[in-house]
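For this chain, numbers begin at 1 and follow the sequence in order.
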Amino acid sequence: MEDVAAQAGVSRALLYRHFPSKHALFAAVYQHAADQLLARTRFDPADSLVEQLIQGMDVHLDYFVANRNAVLAANRVLAGDPVIQTIMTNELDALRARLLAVLPLADESAREAVSGVLRSWLVFVQVLCVDWLTHETCTRVELRDVCIGAVLGALRPLLAEDPAPEWPL
């Protein structure tokens, strides 16, 4: 906390007034990062679903690579912490809701099935990315394409039309 205060140019007392513990500081930093990732991930119906998925995956992977230690700490060391878990869950729920809004659903009855697939896929992506950050067993592009291919394959049977007839590339 002393190093953080010094780098921020504030007193330790001021830092502790806003963040009573290291945990509170980390949670605030992690929440800020989640908010920034959501803001930078765009879902534009003018773009194809594949373009939207590529953009969203690239934003997240850029952040994960640049902040490898924080991402690994949040997903491994602090994953069981209720505050960190809530931040993660809220971000994944927001991404799921935004994806649901751009998918060609046949009707409302398909929404629940698609929502469940998206929830599971987002957890899959989270776990796969954490593993990849630990042991880069493939390239970044391969990782991104595996994630995109997985969701497209899982969604195709549930949608009124193929969301990505151009995929696989």
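- Here the CG atom belonging to Leu95 is positioned 11.0 Å from the CG atom belonging to Asn90, to the nearest 0.5 angstrom.
- Grouping the Ile, Leu, Val, Met, Phe, Trp and Tyr side chains by contacts below 4.5 angstrom, directly or via other members, places Val141 apart from Val151.
- Atoms SG and OH, from Cys129 and Tyr63 in turn, are 13.5 Å apart once rounded to the nearest 0.5 Å.
- Residues Phe19 and Ala24 approach most closely at CD2-O, 3.9 Å, considering heavy atoms.
- In this structure, the side chain of Trp132 engages the main chain of Cys138 through a donor-acceptor pair within 3.5 Å.
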Exercise for review: Step by step, work out the salt bridge (Lys or Arg N to Asp or Glu O under 4.0 Å) result for Glu161 and Arg156.
Suggested key: CA-CA 8 Å; Glu161 60 189 66; Arg156 281 186 169 124; over 6 Å; no
Exercise for review: Any chance you could lay out the side chain to side chain contact (heavy atoms under 4.5 Å, CB included) test for Asp44 and Asp47, step after step, and finish with the verdict?
Suggested key: CA-CA 6 Å; Asp44 186 347; Asp47 293 336; 3.9 Å; yes
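- By the side chain to side chain contact (heavy atoms under 4.5 Å, CB included) test, Thr134 is found to be paired with Leu72, Arg76, residues two or more places apart in sequence or in another chain being considered.
- Residues satisfying the salt bridge (charged side-chain N to carboxylate O under 4.0 Å, His left out) criterion with Asp58, sequence neighbours excluded, are Arg140, Arg144.
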Check your understanding: Does the pair Asp145 and Trp167 meet the rule for a side chain to side chain contact (heavy atoms under 4.5 Å, CB included), with working shown?
Key -> CA-CA 10 Å; Asp145 289 353; Trp167 189 274; 3.6 Å; yes
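- In this model, a donor atom of one side chain and an acceptor atom of the other lie less than 3.5 Å apart for Asn75 and Gln126.
- The CD1 atom of Ile87 sits 4.5 Å away from atom CD of Gln31, with the distance rounded to the nearest 0.5 Å.
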Check your understanding: Val50 and Leu152: side chain to side chain contact (heavy atoms under 4.5 Å, CB included), yes or no, with the steps?
Key -> CA-CA 9 Å; Val50 170; Leu152 294 175; 4.0 Å; yes
**Study point:** Check against side chain to side chain contact (heavy atoms under 4.5 Å, CB included), Phe64 and His60
**Key:** CA-CA 6 Å; Phe64 296 164; His60 281 77; 4.0 Å; yes
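- The minimum heavy-atom distance between Leu92 and Leu122, with the atom names listed, is O-CD1, 3.3 Å.
- Every residue meeting the side chain to side chain donor-acceptor pair (under 3.5 Å) condition with Glu142, not counting sequence neighbours, appears here in chain and number order: Thr139.
- A donor-acceptor pair under 3.5 Å links the side-chain atoms of Trp121 to the main chain of Cys147, judged by distance alone.
- A parallel orientation is assigned to the rings of Phe26 and Tyr30, their planes being inclined by less than 30° (bins at 30° and 60°).
- The distance from the CG atom of Asp93 to the CE atom of Met88 is 13.5 Å, given to the nearest 0.5 Å.
- Between Arg42 and Glu51, no side-chain nitrogen of the basic residue sits less than 4.0 Å from a carboxylate oxygen of the acidic one, so the salt-bridge criterion is not met.
- Checked by atom type and distance alone, the side chain of Glu91 never pairs as donor or acceptor with a backbone atom of Leu37 at under 3.5 Å.
- Counting only residues at least two apart or on different chains, the salt bridge (Lys or Arg N to Asp or Glu O under 4.0 Å) pairs with a member in residues 111-128 are Glu108-Arg111.
- For Arg98, the side chain to side chain contact (heavy atoms under 4.5 Å, CB included) partners are Leu38, Phe43, not counting sequence neighbours.
- Taking CD1 from Ile54 and CD1 from Ile148, the interatomic distance works out to 4.5 Å, rounded to the nearest 0.5 Å.
- Without hydrogens or angle criteria, His32 side chain to Ala28 main chain gives no donor-acceptor distance under 3.5 Å.
- The distance from atom CG of Leu158 to atom CG of Leu105, rounded to the nearest 0.5 Å, is 9.5 Å.
- The two atoms that bring Val83 and Ala27 nearest to each other are CG1-CB, 3.7 Å, heavy atoms only.
- With sequence neighbours excluded, no residue forms a salt bridge (charged side-chain N to carboxylate O under 4.0 Å, His left out) with Asp81.
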